[in-house]
Number of protein chains: 2
Amino acid sequence: MANRAKATIFDIAREAGVSKSTVSLVLQGSGLIRPETASKVRKAIEDVGYVYNRGAANLRKAHSNVIGMVINDLTNPFFAELAVGMERVFQSAGIVPFIANTAENPVRQEEVLKSLMEQGVAGLIVSPARGTTPGAFRRIETAGLPVVFAMRRLPESRIPVIAPDNHRGAYLATAHLIGKGHRRLVFFGGSSDLVVYHDRLGGFREACETQGISDRDALVVEGETSRRGGIACLETALAMAEPPTAALCFNDAVAFGAMLALRKRGLEPGTDFAIVGFDDVAEAEHYMPALTSVAVDSAGLGERAAHVMLKMIQSRTTRAEDHIGAVNLVVRESCGPDRRTRNRTAGSGSTN
Amino acid sequence: MANRAKATIFDIAREAGVSKSTVSLVLQGSGLIRPETASKVRKAIEDVGYVYNRGAANLRKAHSNVIGMVINDLTNPFFAELAVGMERVFQSAGIVPFIANTAENPVRQEEVLKSLMEQGVAGLIVSPARGTTPGAFRRIETAGLPVVFAMRRLPESRIPVIAPDNHRGAYLATAHLIGKGHRRLVFFGGSSDLVVYHDRLGGFREACETQGISDRDALVVEGETSRRGGIACLETALAMAEPPTAALCFNDAVAFGAMLALRKRGLEPGTDFAIVGFDDVAEAEHYMPALTSVAVDSAGLGERAAHVMLKMIQSRTTRAEDHIGAVNLVVRESCGPDRRTRNRTAGSGSTN
DNA sequence: GCTACTAAATGGAACGTTCCAATAAATCAA
DNA sequence: TTGATTTATTGGAACGTTCCATTTAGTAGC
């Protein structure tokens, strides 16, 4: 019946009339203990209101069964999904992952990583904050702790990465727009401090290049990766002397913003201006019009990252293969009908 | 230069030519150490690649500086906001909170709580999973660990609660609908295993009662608290012999679903059927039509919960006052114009 | 030169567990 | 019976820190 001071295995031992070692073995589920003894001990555990002290145990065991997940933005459902995917895997492996949010702040990230290490985690899955400095993980690497990057990678790092095929996704989406007859395209949102940005922009550019869109017709408008950023991007684009007719957006939030801004100007997304998003968050399907977007299966990537981590821990290595997840373009309504059948002169040689 | 085996304060001591006790004092920022000695030690700490072992320290200190946040559904931005609000406060208090997700699963919750306790957290902020059994927190209570419930409470529990004024929010929203001229109303979504459901439904009923809507005209359709649930609720309601003309939804997700279903039937949310949501998630503002909703400031409630927890830890008590957060109705477009001026006979005595 | 005091640094015990080597009890082979 | 083997249990040392009681060195007062 729960004393003031917390109970230890010694209290259990006294209660059950055995030694502390026996209690320890029971706690670890060892088969060496006689079943009757074990159940006697288990009863005592209940009676004294014992809670296991993992910190003390780790002092000897060196193997800690807790894994840290460091997420750059938990309020973005895209990353929340990632976390949930990982959790699913860890749960069935009997591990409780602790999630920490960095709010896209490298300083905060530093604190969080430090704290997680001090806590003695067995491994770390990280979606690094924007602007993470190259050296941020050096200390962790030299400590020999397994780390996996999810969704994002760092420019020069040797840490394994689990991420979607951003290049290919952007390529597919852009090709789709070009196939619809668009001849002047724009890439909306993001900024170059993010590796993902370069990947997606690269796919956009390659598609333009291989499908005969000149560099001058492959525009780029940087901006915040949020609804607000999308609104701003669209304003900028439409203010151009020769505005584009279609946009590939850095992510769905930007796409929603762009569609909102279109509506505000009396333009209909899809028919007047084509929009493709990236990530395919749950909301995309339910929007009006439903958003065409590149699906990346973030929960699936989370599961994959968790599996890789488990494997690394098990084989006590700090290296693993990168894994680039498949993407696919989910075509909905936000790119409207085929432009070529609708307006034969559109997009080429307009003098306006 | 980081050895294979992890460095301890003894290694630092040897490196710096002092005793382990001196190192310990430096780590704790004690003023007893001569500044030159301290900096010598700090250099050694860098050199050996030391990482503090909080588990070992807690063995003596008993004061752990980590706080657990247990969230029922991280993919719901409403709860993610709550977590982020708490984090903001803890961060400035030099505490790193660990977030764990229960995915609305009481069994998972049990595991998560156990693990957090074993880790030796200083306190717990919990948004309990649906269907949490009354005894789920008994063990934690008897351990004397401070716990705060956020957003949700348990039927008979003595644990302090930080939650929005659900009753009042529902009352305000319902009164708004009645003020618009609606005479046959419905409450959409949720189910009675949730205390919040009773609170919100209670507000709905009280408003109907005090504003002259008979019980027979205050309908209830239970359902999932998701978009899908909202769609189902609307179908059910419109299939009634005498369908309602306005709905208060359990949360915004249900409201979005209901609006979707209206559109699918060729009805316009706002003009043909009024919808009010609850929670006022970010999306509500951007929907078409923009959703009228009860704003509850979940980030603010998170901050409040964190403050209460900090206070409890500081004063080493396990009791605190409940805190009911103010709510306010954000009127947007989903309830349309005033019905009375538009259609004088609506809602009363229609024989259809 | 002595005591009294302050400031700085230190050694040892303790925290709650695990793991190894050792013991005790039970069974078996001869 | 004796010794060997197996099964069940146990004591002690170790893990990396903190904290208390001491020690050591330095300064001041007389």
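All figures in this text were calculated on a predicted structure; none of them were measured in a lab. A, B, ... follow the sequence lines: proteins, then strands. Residue 1 opens every chain.
When heavy atoms are screened at a 4.0 angstrom cut-off, I33(A) is found touching the sugar-phosphate backbone but no base atom. As judged by a 4.0 angstrom heavy-atom cut-off over every strand, Y52(A) is placed among residues touching the sugar-phosphate backbone only.
When the C1' atom of dT17(C) is taken as reference, atom NE2 of H63(A) falls 17 Å away, rounded to whole Å. Distance CG (L59(A)) to P (dT17(D)): 9 Å, rounded to an integer number of Å. Atom CD1 in I9(A) sits about 15 Å away from atom P in dG12(D), given to the nearest Å. Atom CZ in R60(A) sits roughly 7 Å away from atom C1' in dA13(D) (whole-Å rounding). In this structure, N53(A) places its CG atom 9 Å from C1' of dC15(C), rounding to the nearest Å. For the pair L32(B) CG and dC19(D) C1', the interatomic distance rounds to 12 Å; values are reported in whole Å. Computed from coordinates, the K61(A) NZ to dC15(D) C1' distance equals 13 Å when rounded to whole Å. When the P atom of dT10(C) is taken as reference, atom CZ of R34(B) falls 10 Å away, rounded to whole Å.
The shortest side-chain heavy-atom distance between V126(B) and I159(B) does not fall under the 4.5 Å cut-off. V41(B) places none of its side-chain heavy atoms less than 4.5 Å from the side chain of I33(B). Between T132(A) and F137(A), the closest side-chain pair of non-hydrogen atoms falls below 4.5 Å. The closest side-chain heavy-atom distance from T225(B) to R130(B) is below 4.5 Å.
The C1' atoms of five pairs define one axis at each end of the helix from dG1(C)-dC30(D) to dA30(C)-dT1(D), and these two axes lie 50° apart (to 10°).
Heavy-atom contacts from other residues, nucleotides or ligands closer than 6.0 Å to CZ of R158(A) number 12 or fewer.
In terms of heavy-atom proximity, E104(A) sits nearest to P128(A) at OE1-O, 4.2 Å.
At a threshold of 4.0 Å, the pair E118(B)-K114(B) counts as salt-bridged, since one of the basic side-chain nitrogens sits closer than that to a carboxylate oxygen. The pair R108(A)-E111(A) meets the salt-bridge criterion, since a charged nitrogen lies less than 4.0 angstrom from a carboxylate oxygen.
Within a heavy-atom distance below 4.0 Å of DNA chain D, the residues of residues 12-31 of chain B found are K20(B), S21(B), S24(B), Q28(B).
Side-chain atoms of T22(A) and S19(A) include a donor-acceptor pair closer than 3.5 Å.
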